[in-house]
Amino acid sequence: MVIRTAKVEDASFIAWAILESSRAGKKQGVFDLIFSPADNISKMLETLIVNEIKTICHYSNFLIAEIDGEPVGALCGYDGYRLSWDKMSEALSSMGCKGNYKERIASYLLCEPEIDKNTIILDFMVTKDEYRGLGVVKELVKKVLLNARLKGFRKAQTGIEIGSIETQLAYEKMGFAAKEQKKSDYYFKDFGRAGITRYVMDL
């Protein structure tokens, strides 16, 4: 297994990873609400991933796990205090997306975890089904946390939907602890989950 930084050429794989992770077995994820149903969401995501305006989805935030030269997993790590949803507004506008996308994801924003300074956010963690059980996630997280420590981050954080037991257990095994939960009936209506739990680990 090789863990490497993502490149522009990985845009289609990263788009798949973002959709797979954000949907996580649900009928829709947050990016299904950001983009119009008439859009080709995967292609729109690819454009966002390589956009000059850096957002949480930018390819430079991602690590890719490869086995025999094939990408099998991905993980995003970014400075949650610096890369805000406002950057997303700028990037989406540059792509011609109309309307206030924050209104479309209001249910998500109600449950979005708080973020402290000097905190690396882990997001969009995914492994291809046929490569589960090989430690792909563990190696990706290990590399992200190592890079974060070298850059001076003091905490690592992720948000896990209430009821996502497998993801919850995976992060707990790596040393993350549950903090506060945010619940909303609106979140349940859109995503079929009660809300989001913030998981944090000191670095």
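Bear in mind that the values here come from a model prediction, so they are computed numbers and not experimental data. Numbers for residues simply follow the sequence, beginning at 1.
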Check your understanding: Passes side-chain contact (heavy atoms from CB on, under 4.5 Å), Ser60 versus Lys54? Steps please.
Key -> CA-CA 9 Å; Ser60 62; Lys54 290 188 177 181; 3.9 Å; yes

Review point. Given the rule in the side-chain contact (heavy atoms from CB on, under 4.5 Å) test, do Met95 and Met44 qualify, once you have shown the distances and angles that lead to the verdict?
Key: CA-CA 8 Å; Met95 292 164 53; Met44 293 295 283; 3.9 Å; yes

**Study point:** Criterion side chain to side chain donor-acceptor pair (under 3.5 Å) on Asp123 and Ser21, from CA distance to verdict
**Key:** CA-CA 8 Å; Asp123 208 345; Ser21 173; 4.8 Å; no

Exercise for review: Report the C-alpha distance between Ile121 and Asp79 in whole Å, list the side-chain angles of each, state the deciding distance to 0.1 Å, and finish with yes or no for side-chain contact (heavy atoms from CB on, under 4.5 Å).
Suggested key: CA-CA 6 Å; Ile121 303 297; Asp79 185 339; over 6 Å; no

Point to revise | Trace of the side chain to side chain donor-acceptor pair (under 3.5 Å) decision for Tyr131 with Glu70 | key: CA-CA 11 Å; Tyr131 292 93; Glu70 178 188 352; 3.0 Å; yes

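Other residues, nucleotides and ligands contribute more than 12 heavy atoms inside 6.0 Å of the NZ atom of Lys102. Residue Glu52 qualifies as open at atom CD: its count of foreign heavy atoms under 6.0 Å is 12 or below. In Asn100, the CG atom is crowded: over 12 heavy atoms of neighbouring residues, nucleotides or ligands sit closer than 6.0 Å. Open room surrounds CG on Asp185; 12 or fewer heavy atoms of other groups in view lie less than 6.0 Å from it.
Salt bridge Lys179/Glu114: absent, no basic N to carboxylate O contact under 4.0 Å. Between Lys26 and Asp32 there is no salt bridge, since no side-chain nitrogen of the basic residue lies less than 4.0 Å from a carboxylate oxygen of the acidic one. With salt bridges taken as basic N to acidic carboxylate O contacts below 4.0 Å, one links Glu166 and Arg132. Asp10 and Lys7 are not joined by a salt bridge, as no carboxylate oxygen comes within less than 4.0 angstrom of a charged side-chain nitrogen.
Side-chain contact between Leu45 and Trp16 is absent, with no heavy atoms from C-beta onward closer than 4.5 Å. Between Leu63 and Val144 there is a side-chain heavy-atom pair separated by less than 4.5 Å. With contacts defined as side-chain heavy-atom distances shorter than 4.5 Å, the pair Arg154/Leu203 does not qualify. Within the 4.5 Å cutoff, the side chain of Leu110 has heavy atoms near those of the Tyr186 side chain. By the 4.5 Å heavy-atom criterion applied to side chains, Leu145 and Phe153 are not counted as neighbours. Proximity of Val8 to Ile49: side-chain heavy atoms (C-beta onward) are nowhere separated by under 4.5 Å. Contact check for Lys155 versus Asp116: side-chain heavy atoms found under the 4.5 Å cut-off.
Remark: the backbone N or O of Leu122 is paired with a side-chain donor or acceptor of Thr158 at under 3.5 angstrom. With Arg104 contributing its side chain and Ile34 its backbone, the two residues share a donor-acceptor pair below 3.5 Å. Panel note: side chain Thr119, backbone Lys117; a donor-acceptor pair is recorded below 3.5 Å.
Linking Ile, Leu, Val, Met, Phe, Trp and Tyr whenever their side-chain heavy atoms come within less than 4.5 Å leaves Ile53 and Tyr101 in two separate clusters. In terms of hydrophobic clustering, with Ile, Leu, Val, Met, Phe, Trp and Tyr side chains grouped at heavy-atom distances under 4.5 Å, Tyr59 and Ile3 are assigned to different clusters. Hydrophobic clustering keeps Val200 apart from Met125 (ILVMFWY residues linked when any side-chain heavy atoms are closer than 4.5 Å, directly or through intermediates). Placement of Leu109 and Phe31 within a single hydrophobic cluster is found when ILVMFWY residues are connected by side-chain heavy-atom separations under 4.5 Å, directly or transitively. Tyr78 and Leu75 fall into different hydrophobic clusters, where Ile, Leu, Val, Met, Phe, Trp and Tyr side chains are chained together by heavy-atom contacts under 4.5 Å.
Note that CD1 of Ile64 is 14.0 Å distant from NZ of Lys143, once rounded to the nearest 0.5 Å. Taking CD1 from Ile160 and CD from Glu172, the interatomic distance works out to 7.5 Å, rounded to the nearest 0.5 Å. Note that the CD1 atom of Ile41 and the CG atom of Leu48 stand 12.5 Å from one another [nearest 0.5 Å]. Here the CD-CZ distance, from Glu20 to Phe13, works out to 10.0 Å after rounding to the nearest 0.5 Å. Put simply, CG on Leu134 and CE on Met1 are 6.0 Å apart, with the number rounded to the nearest 0.5 Å. Atom CG of Asn118 is separated from atom NZ of Lys151 by 13.5 Å, given to the nearest 0.5 angstrom.
Cys111 approaches Lys183 most closely through the heavy-atom pair SG-C, 3.9 Å. Scanning all heavy atoms of the two residues, the minimum distance from Phe35 to Leu92 falls at CE2-CD2, 3.7 Å. The minimum heavy-atom distance linking Leu33 with Asp190 is given by the pair CD1-OD2, 4.0 Å. In this structure, Ala17 and Val126 approach most closely via the heavy-atom pair CB-CG1, 3.3 Å. The two residues Gln28 and Phe191 make their nearest non-hydrogen contact at O-CD2, 3.5 Å. Between Cys57 and Phe62 the shortest heavy-atom distance is O-CE1, 3.6 Å.
Of the candidates Gln181, Lys182, Glu180, Gln181 is the only one forming a side chain to side chain donor-acceptor pair (under 3.5 Å) with Thr197. Tested against Phe176, the residues Met201, Arg198, Gln168, Gln157 include a single side chain to side chain contact (heavy atoms under 4.5 Å, CB included) partner, Met201.
Of the N and O atoms on the side chains of Glu161 and Tyr187, at least one donor lies less than 3.5 Å from an acceptor on the other residue.
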